[in-house]
Number of protein chains: 2
Amino acid sequence: MSAGRIPHAANAVAVHRLSKLTLLDEASARALNKAGQRCRITPGQHELCAEGKAVGEPQLILSGWAARVRIVPNGGRQILGLLLPGDLIGHCYQPQPVALSSVIALTELMTCKAPAPEQEDSLRCAYAMSHAFDEAYLLAQITRLGRMNASDRLADLFLELLERLALAGLAPGYTFHHPLTQELVADMTGLTTVHVNRTLKTMRRDGDANWSSGQLTLSNPAALAHRIGRTPTRVAQPRSRFIAQTTHQLDPN
Amino acid sequence: MSAGRIPHAANAVAVHRLSKLTLLDEASARALNKAGQRCRITPGQHELCAEGKAVGEPQLILSGWAARVRIVPNGGRQILGLLLPGDLIGHCYQPQPVALSSVIALTELMTCKAPAPEQEDSLRCAYAMSHAFDEAYLLAQITRLGRMNASDRLADLFLELLERLALAGLAPGYTFHHPLTQELVADMTGLTTVHVNRTLKTMRRDGDANWSSGQLTLSNPAALAHRIGRTPTRVAQPRSRFIAQTTHQLDPN
DNA sequence: CGAAGCATTGACTGGGGTCAACTTATGTGG
DNA sequence: CCACATAAGTTGACCCCAGTCAATGCTTCG
């Protein structure tokens with residue numbers, strides 16, 4: 001894996017994630033590498049996709065963060081989910097699809113066209129797995145918003161992020177870099193900026209998490225997960241490589 | 001469409017819904033009718049599917065209501081979404097899938113095996129459309145929980161139900177029958193039973209909705225939708241029959 | 001330097017939760 | 001037909017988590 005900014009390295013993270021979802025065959029890996037050579041840059045804050053508009057070709061995120069967003073009539077904003085490196089944008093199965101939410105870039109975003117899977121391709125399986133994880137994250141978001149208090153929402157969200165970034169190989173230790181503002185966290189968790197700030201303060205005091213803008217550190221993810229009753233996300237049976245191998249990240253205490 | 005309880009009539013509602021999602025060809029309609037002849041009955045309150053367990057063959061709901069449920073560590077329960085006649089259960093694309101949530105029957109439930117689509121079948125498209133609607137309903141659930149107050153949550157939920165039941169031909173006028181208790185509504189909307197009761201009282205007083213257990217009547221769905229800024233769910237471009245034809249249900253004022 | 005965005009804090013308020021009682025169905029068996 | 005049990009709906013009194021408003025730091029950047 002070479003360094004620098006040559007295209008091959010650009011999609012290393014995305015391939016890393018997809019290959020953890022299923023065993024990628026030769027042809028798939030080659031298709032991904034080839035697709036990564038034609039990447040597109042989207043500046044931060046730009047919209048990649050507008051709710052209600054036609055969905056274009058599915059894109060694969062090579063680097064950067066994005067968010068699925070919905071504007072609420074009364075002026076508010078709800079973030080439906082986050083999109084991280086290795087995630088797919090606009091991958092659906094129905095014909096003539098319409099975007100169910102807008103997608104905005106939270107950072108400068110590098111994307112490429114997601115190569116179309118051939119018949120019986122392992123890529124098709126990787127996409128399906130990715131799609132299933134997307135649904136799992138939506139369900140997690142629902143339980144967070146519906147049945148958790150402020151501090152549990154934040155803890156659960158941070159653990160999910162750690163899990164997902166670990167899947168893409170982006171969370172060494174219990175720390176990760178992120179482009180989130182407290183306002184974004186508020187729009188994600190259904191809270192206000194003020195209350196997010198207060199809750200973060202409490203979590204810092206209690207030694208659970210340390211938010212210093214741009215970076216987040218969880219002192220003891222396993223203990224935190226246990227306390228709020230969180231279990232790692234699973235979408236397929238633990239056969240060969242069909243599960244995300246992130247559990248070990250949370251095992252030690 | 002004959003009356004009575006012969007198998008052909010049993011799946012009439014499900015076929016009605018799927019054929020509104022896309023234009024069903026002859027073979028698909030025949031496959032659905034045939035599948036409906038071998039139906040299974042699940043008593044109310046029974047679990048069809050357990051979170052974390054392997055998912056079996058995809059099922060099609062012929063009649064009755066079910067709910068996707070997740071138990072929250074601190075004793076609570078969150079309903080992730082409702083499953084209505086014509087909806088699919090356990091339809092996913094990844095191999096060896098694991099259920100992302102439990103599914104429980106809210107009423108006695110009649111289901112049949114969802115016939116496997118052939119290559120380039122219109123059934124495949126119908127399933128994909130149904131899947132897309134499922135995602136849309138999850139997103140709607142997120143914005144409800146994240147950014148709406150109690151009365152808007154109830155109004156939005158009721159409008160969604162009206163829209164979905166109309167799609168299956170089960171909501172003549174602005175009234176529909178349902179098996180929901182106020183506790184179920186509470187578990188769905190992230191509120192408490194007590195507060196759901198109070199909010200329903202207010203809505204009745206204001207002439208927005210009338211909850212009399214077992215039946216719900218919205219006096220003016222279009223006005224209500226306008227007030228809370230709700231638009232009908234759309235997942236594909238309005239080409240031929242690719243959109244749900246429920247808009248007319250909400251048009252008049 | 002000022003401007004703009006983000007983080008932080010305090011004082012006050014209110015929507016919805018909690019607790020607890022009571023009523024109204026809907027059975028169910030004697 | 002009534003006695004009893006159970007589930008669902010209804011209401012009141014009280015409280016608290018999180019929202020609102022508003023001011024003040026703290027960066028970063030032109």
Every protein N/O within reach of nucleotides 9-13 of chain D N/O, cut-off under 3.5 Å:
| from | atom 1 | to | atom 2 | distance (Å) |
| --- | --- | --- | --- | --- |
| D:dG9 | OP2 | B:Gln182 | N | 2.8 |
| D:dT10 | OP2 | B:Gln182 | NE2 | 2.8 |
| D:dT10 | OP2 | B:Asn197 | ND2 | 3.1 |
| D:dT10 | O5' | B:Asn197 | ND2 | 3.4 |

Q: Anything under 30° is parallel, anything over 60° is perpendicular, the rest tilted; go ahead and classify A:Phe176 against A:Trp65.
A: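 Ring orientation, 0 to 90° scale: parallel.
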(Q) Tell me if a side-chain donor or acceptor on A:Arg153 pairs with a main-chain N or O of A:Met148 at a distance below 3.5 Å. (A)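 Yes; judged by distance alone, with no hydrogens or angles, the pair exists.
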Q) Donor-acceptor pair, B:Thr189 side chain versus B:Leu154 backbone, under 3.5 Å? A) no
Q) How far does OG1 of B:Thr143 sit from CD1 of A:Ile71, to the nearest 0.5 angstrom? A) 11.5 Å
Q. How long is the gap from OG on A:Ser151 to CD1 on A:Ile228, to the nearest 0.5 Å?
A. 8.5 Å
Q) Do the non-hydrogen side-chain atoms of B:Trp211 and B:His178 ever get within less than 4.5 Å of each other? A) yes
Q | Heavy-atom side-chain proximity of A:Glu51 to A:Arg70 below 4.5 angstrom | A |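 In contact.
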Give a yes or no on whether a salt bridge exists between [X] and [Y], defined as a side-chain N under 4.0 angstrom from a carboxylate O.
X	Y	result
A:Arg17	A:Asp87	yes
B:Arg147	A:Asp187	yes
B:Lys53	B:Glu47	no

Q. Considering only heavy atoms, which members of residues 71-83 of chain A lie under 4.0 Å from some atom of DNA chain D?
A.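 DNA chain D contact set from residues 71-83 of chain A: none.
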Q: For residues 99-112 of chain A, pull every pair meeting side-chain hydrogen bond (donor to acceptor under 3.5 Å, both in side chains), keeping only residues two or more places apart or in separate chains.
A: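 The answer is A:Gln59-A:Thr111, A:Arg68-A:Ser101.
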Rounded distance in Å - [atom1] ([X]) to [atom2] ([N]):
X	N	atom1	atom2	answer
A:Gln45	C:dA4	CD	C1'	14 Å
B:Leu154	C:dG16	CG	P	10 Å
B:His178	D:dA8	NE2	C1'	13 Å
B:Arg153	C:dG17	CZ	C1'	12 Å
A:Arg205	C:dT9	CZ	C1'	15 Å
A:Asp152	D:dC17	CG	P	13 Å
A:Met148	C:dG17	CE	P	16 Å
A:His195	D:dC16	NE2	C1'	11 Å

Q. At what angle, to 10 degrees, do the two end axes of the helix from C:dC1-D:dG30 to C:dG30-D:dC1 meet, given five pairs define each axis?
A. 40°
Q) Out of B:Leu180, B:Val69, B:Thr181, which one pairs with B:Leu106 under the side chain to side chain contact (heavy atoms under 4.5 Å, CB included) rule? A) B:Leu180
**Q.** Sequence-aligned protein contact record of nucleotides 24-30 of chain D, with B where the base is within under 4.0 Å of a protein heavy atom and S where only the sugar-phosphate is
**A.** -------
Just distance, no hydrogens or angles: give the donor-acceptor pairs under 3.5 Å from side chains in residues 79-86 of chain B, sequence neighbours left out.
none

